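Remarks on the structure that follows.
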Amino acid sequence: MATAETWQPAPSLPPPRIETGWIGWARANLFGNWLSGLVTVVTVPLIVWAAWRMLGWLFGTADWTLIASRPQQYLIGLYPTELAWRPLTGWLLVSILFGMAAAMWGGAARRIAIGYGAVTVLLGVLPYGLFHEGVVMPWWVRAFILGNLLTLGIGYLLGMNPKTGRPRNFVLGGIAIYVLLLLILIGIPGVPGMEEVAPRRWGGLMLNLILAVSGIFFAFPIGVLLALGRRSNLPVVKVLCVVFIEVFRGVPLITLLFMSQVLVPLALPANFPVDSVTRAAIVITLFSAAYTAENIRGGLQGLHPGQAEAARALGLPGWQVTTLIQLPQAIRNVIPAIVGQFIALFKDTSLVYIVGMLDILEMGRSIVQGNVQFTDNGRENLIFVAAVFWIFTYTMSYVSRRIERNLGVGRR
Amino acid sequence: MATEAAVTAQEALDQDNIIVARDVHKWFGNFHALRGVTTTVGRGEVVVVIGPSGSGKSTFIRTVNRLEQHQQGDIFVDGVEMTDDVRNIDAIRREVGMVFQSFNLFPHLTVMRNITLAPTKVRKTPMDEAEASALKLLERVGIPEQAEKYPGELSGGQQQRVAIARALAMNPKIMLFDEPTSALDPEMIKEVLEVMKELAASHQMTIVAITHELGFAREVADRIVMFDEGQIVEDLPPDEFFNNPRHERVRRFLSQIL
Ligand SMILES: Nc1ncnc2c1ncn2[C@@H]1O[C@H](COP(=O)(O)OP(=O)(O)OP(=O)(O)O)[C@@H](O)[C@H]1O
Ligand SMILES: [Mg+2]
């Protein structure tokens, strides 16, 4: 042996080739064994047949005149036509937030903003009247709708500017726009053009969105407080929170909504200025807060006890251990559950038909029932409403998945 | 150092003793985990604690910063008695750093933020100052280039070194280590022990470390304290501890872990 043999690592080889292309995929996934082959052979023709019929109906038989002739009702319900510029103005404000988000977070936020902008343009150039039913869309309505591109752009610039494009400003701006929007919709007594429009007359998709956003907006912080209260060492606080959570989780939302109309007034002075919509919104919010609280409590319980110990050992006072160490981790771990909860909340806003509100679903139903020419178009109405709901809920779960992914990378 | 003899009140106030424990008892339910622990630790002393599993080592050092409450006896840390008084506890925790077996870094914060969190929130150190000293600490533990990563992106040895830096950032007078290397792969144990040795050699702080790294104990400890069944069975300088222990129990234990 002249020299010691030098050790050579084995070369790194590419992975073995698997069959690619759709034939390979089908062989692996659809005909992997005789059972899956059988399932494939039976179900695929069924699916194709059903899809064929469905598509045939969607693009052949179905008559979408109903949707095309009543967009205003679907969007804002019975909000007075001559005051439609007010919801349109609110819409302009909301676009600022989409623009800001796109600039600040990029990725998913940008894709959503692009989709949002595209839909806006589409609505703005539609041949028929989005507002002022039966009339060709007046130029000023088109201007309002296309104006969203402008405010989207303004938001984008605000988001790009390092001075204004901060998460804090986004949140504060969001709150300001939320308050302003409600003010614009309700009106200011005595100001011309700003006549009061009671929330009872709000409707359509606008109502679903306002109820959902209000619900999420308040349910989250209330849920956090309830979750912390339930873990509190103070017996009174703890018992109150447990009772609240269990009552609101134990009773169906429909029941709570009825109660809000019938029972709550008994507990309030006769002319207490809370209208039925606000009461419904409060009930939906509290219902959602109870579920959010349980989600967050689950997240807190899932944390390693060493986290709080390490924080306490560093001398952090109890409330900072909670707010800086435990809550951020707990909330992050339950984002999917919370988003699921908010999706449920958005869908549940349809239940306000119980208190006589014309949300998008109920609005559609009453268009179908109230117009002889549309009595056969119930299906088209339902499919349209379902699609609208789906677009919003799918966007929410898409955002949730992106957030999860971004937070998950190497940070556990 | 007085171990078997009861510590007198005088000793408690003695400026040379930074930790004084007198007849400390602790129960978990009916389980008597600490059964009369009496010991003192002098300023700048390096004490290694060993003993079989379940003997109460962790429980004892956790009573020093009150992660566990004792139910009988007295503990003084830097002249302050450990009671339920929250101000005392917070004051002591600022002076006592702790390093855990499972690191317990905050996974949602960067390495830098892990280190600067307590100084900025508890001591109100300005952020730029805190970051500058955090960088120095990261250099001291040998990983200045990892500052902007998240804990999950580091190896176990690196995480434990960050945890040491995080504790040091509060400028503690005492550092407690609870088996800092026993969750680490062999090749990472050394890098953590090096950091601990450097700390011990600097003689700037009091160190109480639970560890079964006997080489480390032999090299840097002033005393080795052995726990068994919730009591201290032996308390001697390393030489005597290994060569001439007074209790047969020590020999039996050493033969088990060697
Ligand atoms: N929170 C607790 N609740 C109940 N029993 C506990 C608790 N913490 C510790 N004990 C018990 O107290 C005893 C002493 O535990 P301790 O953790 O102090 O042991 P240790 O000497 O550190 O052991 P190890 O080497 O395994 O870490 C053990 O029997 C343990 O089961
Ligand atoms: Mg232990």
Side-chain angles (χ1 to χ4, degrees), chain A residues 105 162 166-168 220 224 227-228 231-235 295-296 298-339 400 402-412, chain B residues 58 61-62 64-68 86-111 113-124 148-154 159 162-163 165-172 174-178 183:
Chain A
W105 290 292
R166 298 189 181 168
R168 212 179 77 111
F220 185 72
V224 169
L228 295 178
R231 289 159 51 97
S232 162
N233 295 325
L234 307 171
N295 285 332
I296 290 175
L300 287 169
Q301 269 168 348
L303 294 183
H304 190 289
Q307 289 292 311
E309 272 176 8
R312 281 192 283 141
L314 284 167
L316 289 171
W319 65 273
Q320 284 190 334
V321 175
T322 305
T323 55
L324 297 175
I325 305 302
Q326 294 182 297
L327 270 184
Q329 294 186 51
I331 290 171
R332 200 186 65 181
N333 291 346
V334 296
I335 284 176
I338 291 180
V339 173
S400 147
R402 302 304 297 215
I403 295 177
E404 260 173 80
R405 207 166 80 178
N406 288 347
L407 290 176
V409 195
R411 305 186 180 183
R412 298 239 30 178
Chain B
S58 299
I61 71 165
R62 288 158 60 88
V64 171
N65 63 353
R66 214 173 175 78
L67 287 181
E68 302 287 0
V86 179
R87 273 166 308 163
N88 278 357
I89 298 173
D90 283 348
I92 287 305
R93 284 184 180 153
R94 265 174 257 150
E95 309 301 332
V96 181
M98 187 158 195
V99 176
F100 302 83
Q101 180 176 352
S102 51
F103 326 139
N104 295 348
L105 292 177
F106 307 131
H108 61 302
L109 303 177
T110 60
V111 163
R113 194 70 191 116
N114 262 275
I115 300 175
T116 56
L117 184 73
T120 52
K121 298 290 176 187
V122 179
R123 291 215 194 278
K124 310 279 183 235
E148 292 314 319
K149 289 198 181 160
Y150 284 84
E153 297 169 303
L154 304 184
Q159 289 191 45
V162 172
R166 177 177 71 177
L168 290 177
M170 288 293 281
N171 267 322
I174 305 173
M175 281 286 278
L176 306 174
F177 291 87
D178 190 346

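Here the structure is a predicted model, which is why all the values come from computation and not from measurement. Quick note on labels: first sequence line is chain A, next is B, and so on, each numbered from 1.
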Query raised in the report: Counting N and O atoms only, with roles assigned by atom type, does the side chain of B/Glu153 sit under 3.5 Å from a partner on the main chain of B/Tyr150, one being a donor and the other an acceptor?
Result: yes

Requested in this report: Heavy-atom pairs under 4.5 Å with chain A are the metric here; pick the option from B/Val86, B/Asn104, B/Val96, B/Ile89 that has the most.
Outcome: B/Asn104

Query - A/Ser232 side-chain N/O to A/Leu234 backbone N/O, donor-acceptor pair under 3.5 Å - result: yes

Query raised in the report: Top residue by heavy-atom pair count (under 4.5 Å) with chain B, among A/Pro317, A/Ala310, A/Pro328?
Result: A/Ala310

Query raised in the report: Quick one: what part of B/Leu105 sits under 4.5 Å from any heavy atom of chain A, side chain, backbone, both or neither?
Result: backbone

**Report entry** Taking every non-hydrogen atom, the tightest pair across B/Ala167 and B/Pro172
**Finding:** O-CD, 3.4 Å

Query raised in the report: Does some side-chain heavy atom of B/Arg123 sit less than 4.5 Å from a side-chain heavy atom of B/Met170?
Result: yes

Query raised in the report: What part of B/Phe100 gets closer than 4.5 Å to chain A, counting heavy atoms only: side chain, backbone, both or neither?
Result: side chain

Query raised in the report: Hey, does A/Gln320 have a side-chain heavy atom less than 4.5 Å from the side chain of B/Leu117?
Result: no

Report task. Could you tell me which portion of A/Glu309 (side chain, backbone, both or neither) has an atom closer than 4.5 angstrom to a non-hydrogen atom of chain B? Result -> both

